[in-house]
Asks: 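This is the structure I have questions about; it appears just below.
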Amino acid sequence: MLSVRDLGVAFGTVQPLSGVSFAVGKGETLGIVGESGSGKSLTAMSVMGLLPLSGGRITGGTVEFDGQDLTKLSERAYRKLRGGRIGLITQNPMTSLDPLQKIGPQVDDVAKLHLGLDATKARARTEEILGTLRIPEPALICERYPHQMSGGMKQRIVIAMALAADPDVLIADEPTTALDVTVQAQIIRLLDDLVKERDLALVLITHDMSVVAQTCDKVVVMYAGRAVEHGPVEEIFDRPRHPYTQALIACIPRGLDGATRLTGIEGTVPTVVNYPNGCPFHPRCPRAEAICATDPPDFSVHGDSAAACHFAEVADAQSA
Ligand code: SF4
């Protein structure tokens with residue numbers, strides 16, 4: 001349904017994203033995972049055609065949706081697609097909704113714009129979608145303002161807006177970051193159900209490997225604006241070859257026995273003007289050797305997954 005190949009993005013002379021590739025099909029969930037600053041949201045913006053708004057441009061690669069290269073699309077054509085066949089769920093429901101407008105009209109507008117429904121049919125559709133999202137008393141909720149609802153309820157409304165035009169692809173950019181942990185679990189379960197019920201292709205952007213483990217079929221691990229490992233989730237969790245993937249998995253909290261210390265990753269993600277030469281992870285990598293500081297690693301393929309590390313073969317042999 002959606003296929004991104006070798007995507008590169010620049011802002012002026014700065015290149016924050018390069019060589020990003022992934023594909024997601026109907027009824028499938030792809031996770032894009034990495035720390036803040038790894039390029040996940042920029043990837044989402046590129047797919048949604050939103051880069052020009054922030055002064056960015058695509059420097060190479062393709063973004064294919066249903067056989068069409070979106071990098072060649074005019075802004076007018078993109079406007080039809082965005083929020084229509086490709087829906088976006090943003091990070092923060094508190095800022096995604098218009099505080100001065102009731103919920104009903106905000107969701108109605110999407111169906112009116114993209115499906116050409118009149119006011120009565122759009123409202124019927126809004127109430128139906130709110131019901132699907134397990135929102136009680138949809139008619140009553142349509143008459144409420146965003147400030148009258150909890151964070152979890154607001155995120156459900158944002159999901160309703162993304163679903164209102166019956167999209168084929170949903171991009172969810174850290175959809176649970178602003179929510180407390182119990183509501184997070186509900187929203188993740190809801191998205192999982194929607195993928196199955198509606199045969200959606202879901203791209204789930206997250207910094208949380210445990211969310212990937214629970215919901216995704218495939219995963220792309222990103223670091224410093226590049227994909228560093230990708231493959232089926234089971235395979236990646238079973239045998240992570242890239243030290244960054246291994247470190248992210250090690251950060252998942254396990255048990256509450258009081259004796260196990262939470263693990264972190266030493267150092268910080270480099271800023272876009274400071275991407276290191278060679279392998280971008282080398283200043284933080286416990287396995288780094290001299291070659292890592294000078295030569296960028298290529299991807300090596302292992303089964304259905306691939307890792308960009310000079311020593312992926314060694315990691316593969318050790319974990320066999
Ligand atoms: Fe670490 Fe070197 Fe592999 Fe990069 S190429 S992840 S620095 S071992």
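Read the numbers this way: they start at 1 and go in the same order the structure lists the ligands and their atoms. The analysis underlying the following values was restricted to heavy atoms, covering all of them including side chains, and did not include hydrogens, waters or symmetry mates. A quick note: this is a predicted structure, and the numbers were derived from the prediction, not measured.
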Asks: Which residue owns the protein heavy atom closest to atom 8 (S) of ligand 1, what's the atom, and how far is it?
Replies: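 Going by distance alone, atom 8 (S) of ligand 1 is nearest to Phe311 CD1, 3.4 Å.
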Asks: Identify the protein heavy atom lying closest to atom 5 (S) of ligand 1, giving its residue, its atom name and the separation to 0.1 Å.
Replies: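 Residue, atom and distance for the closest contact: His310 N, 3.4 Å.
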Asks: Using a strict threshold of under 4.0 Å (side-chain N to carboxylate O), is an ion pair present between Arg239 and Glu235?
Replies: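 Result for this pair is no, no salt bridge flagged.
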Asks: Under the 3.5 angstrom rule, does the side chain of Thr62 hit a backbone N or O of Glu64 as a donor-acceptor pair?
Replies: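 Judged by distance alone, no pair lies under 3.5 Å.
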Asks: Note the single closest protein heavy atom to atom 3 (Fe) of ligand 1, along with its residue, its atom name and the distance in Å.
Replies: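 Here the closest protein heavy atom is Cys309 SG, 2.3 Å.
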Asks: Ring centres of Tyr223 and His242 under 6.0 Å apart?
Replies: no
Asks: Hey, which atoms in ligand 1 end up nearer than 4.0 Å to a heavy atom of His282?
Replies: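 Atoms satisfying the 4.0 Å criterion: 7 (S).
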Asks: Report the nearest protein non-hydrogen atom to atom 2 (Fe) of ligand 1: residue, atom name, distance rounded to 0.1 Å.
Replies: Cys292 SG, 2.3 Å
Asks: Apply side chain to side chain contact (heavy atoms under 4.5 Å, CB included) to residues Val33 and Val211 and explain how you reach the verdict.
Replies: CA-CA 10 Å; Val33 69; Val211 168; over 6 Å; no
Asks: Under 4.0 Å from any heavy atom of His242, which atoms of ligand 1 are there?
Replies: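 Checking each atom against His242, I get 6 (S).
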Asks: If two hydrophobic side chains count as joined below 4.5 Å and joins carry through other members, does Val158 share a cluster with Leu113?
Replies: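 As far as the 4.5 Å side-chain criterion goes, Leu113 and Val158 are not connected within one cluster.
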Asks: Please determine which of Lys102, Arg125, Arg123 meets the side-chain hydrogen bond (donor to acceptor under 3.5 Å, both in side chains) test together with Asp108.
Replies: Arg123
Asks: At a threshold of 2.8 Å, where the distance has to be below it, does atom 2 (Fe) of ligand 1 have an N, O or S atom of Cys285 nearby?
Replies: no
Asks: Are there more than 12 heavy atoms of other residues, nucleotides or ligands under 6.0 Å from atom CD of Glu75?
Replies: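 More than 12 within 6.0 Å, yes.
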Asks: So which bit of Glu289 gets within less than 4.0 Å of ligand 1, heavy atoms only: side chain, backbone, both or neither?
Replies: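 For Glu289, no heavy atom sits under 4.0 Å from ligand 1.
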Asks: Taking only heavy atoms of Pro243, which atoms of ligand 1 are found under 4.0 Å from at least one of them?
Replies: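 Taking each heavy atom of Pro243 in turn, ligand 1 has 1 (Fe), 6 (S) under 4.0 Å.
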Asks: Looking only at protein heavy atoms, identify the closest one to atom 4 (Fe) of ligand 1 and say how far it is in Å.
Replies: Cys279 SG, 2.3 Å
